[in-house]
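Each chain gets a letter, A, B and so on, in the order the sequences are listed, and its residues count up from 1.
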Number of protein chains: 2
Amino acid sequence: MISTKGRYAIRVMLDLAENDTGSYIPLKDIAARQAISKKYLEIIVKDMVTGGLITGTSGKGGGYKLCRKPEDYPLGEIIELMEGTLSPVACLADKSNDCPRKAACQTLPLWVEYDNMVHDFFYGKKLSDLIRKP
Amino acid sequence: MISTKGRYAIRVMLDLAENDTGSYIPLKDIAARQAISKKYLEIIVKDMVTGGLITGTSGKGGGYKLCRKPEDYPLGEIIELMEGTLSPVACLADKSNDCPRKAACQTLPLWVEYDNMVHDFFYGKKLSDLIRKP
DNA sequence: CCATTTACCTACCGTGTCAATAGGTTTTTT
DNA sequence: AAAAAACCTATTGACACGGTAGGTAAATGG
């Protein structure tokens, strides 16, 4: 299940893309437009800055903006950053995994195939694909 | 993420299919072969009986058995039963949903497309596809 | 008939995540 | 200097996950 973190992050990105004026957009405005608690968005947006999705600046006239063109953001990158992983099972999520059943595991190929499908799906979609055309 | 409930359930089904002798298989044997706590498996197996995946009978000579042929079990049914849903977001998981943003939601089509893909994937795979050929 | 074996039932528990809320501090511009 | 904004730390309530513990009911073998 995609949590609010991932879903809200996509909405913030969309909001930034659609209301792009070239200058920084304050979080207050985004929170108001999206009807999401500004306080909660602060947490999410912080991770987005750390993860290299957006940039922020303090002070009057400050706010956030995208640092790439919308077509250069795969949705998979956004979701993976916010959710931690896109993988369906723990043994694929962290590569430092050393499951003793690995060789004998009958279901592992299934999870690998699923993992690849999901990865391809979300990395094939870009932020620009979701933008509302006026 | 698929939890242990779903993963263990599939392993129990596989164990039942591969060790099928026509009679009931006690949970003790399954737990030993799969190296999973019998106590924890009890919880999982109970849901599988209620959900119509397997049948169980008490007493000496009792245990569990499949109630269909392995090729008649879509993996999606097993996972959906154990995990509650296969849907990526809450607004698709429960149909009694009445999200006010539904009409305006820019991401809903994405989740619907994803939901369909996952559903098709797991309902296309059958338990028999995972059975080890000797 | 009775002891054994098995499923079945209820309850509990520690840990962690989710979805926020609260309040304060720093940075930057006007 | 004042305002506006990001940034930081801490806390909370609810709930799910991954079990554990102990007892009850049912069915069979001897």
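- A 4.5 Å side-chain heavy-atom check between B:Arg68 and B:Leu127 finds every atom pair outside the cut-off.
- Side-chain contact between B:Phe122 and B:Glu80 is absent, with no heavy atoms from C-beta onward closer than 4.5 Å.
- When side chains are defined from C-beta on, A:Arg7 does not count as touching B:Thr107, because their heavy atoms never get closer than 4.5 Å.
- The interatomic distance linking B:Ile54 (CD1) with C:dC8 (C1') rounds to 13 Å, in whole Å.
- For the pair B:Lys65 NZ and C:dT6 P, the interatomic distance rounds to 16 Å; values are reported in whole Å.
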Completion exercise
With sugar-phosphate taken as primed atoms, P, OP1 and OP2 and all else as base, the protein-contact string of nucleotides 17-30 of chain C at under 4.0 Å (heavy atoms; B, S, -) is --BBBBBB--BBB-
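- You'll find the side chain of A:Met1 reaches within 4.5 Å of the side chain of B:Thr85, heavy atoms only.
- Ring planes of B:Tyr40 and B:Tyr8: perpendicular class, angle over 60° (limits at 30 and 60°).
- When side chains are defined from C-beta on, A:Asp47 counts as touching A:Lys5, because their heavy atoms get closer than 4.5 Å.
- Between A:Glu18 and A:Arg33 there is no salt bridge, since no side-chain N of the basic residue sits under 4.0 Å from a carboxylate O of the acidic one.
- No side-chain heavy atom of B:Val118 sits less than 4.5 Å from a side-chain heavy atom of B:Pro88.
- We find that OH of B:Tyr64 is positioned 17 Å from P of C:dT5, with the value rounded to whole Å.
- Going from atom CD of A:Gln106 over to atom CG of A:Leu108 covers 11.0 Å, rounded to the nearest 0.5 Å.
- Extent of DNA chain D lying under 4.0 Å from chain A heavy atoms, first and last nucleotide in 5' to 3' order, is D:dA4 to D:dC8.
- Using a 4.0 Å cutoff on non-hydrogen atoms, no part of residues 13-24 of chain B comes near DNA chain D.
- Residues B:Thr50 and B:Leu81 fail the side-chain proximity criterion, which asks for heavy atoms closer than 4.5 Å.
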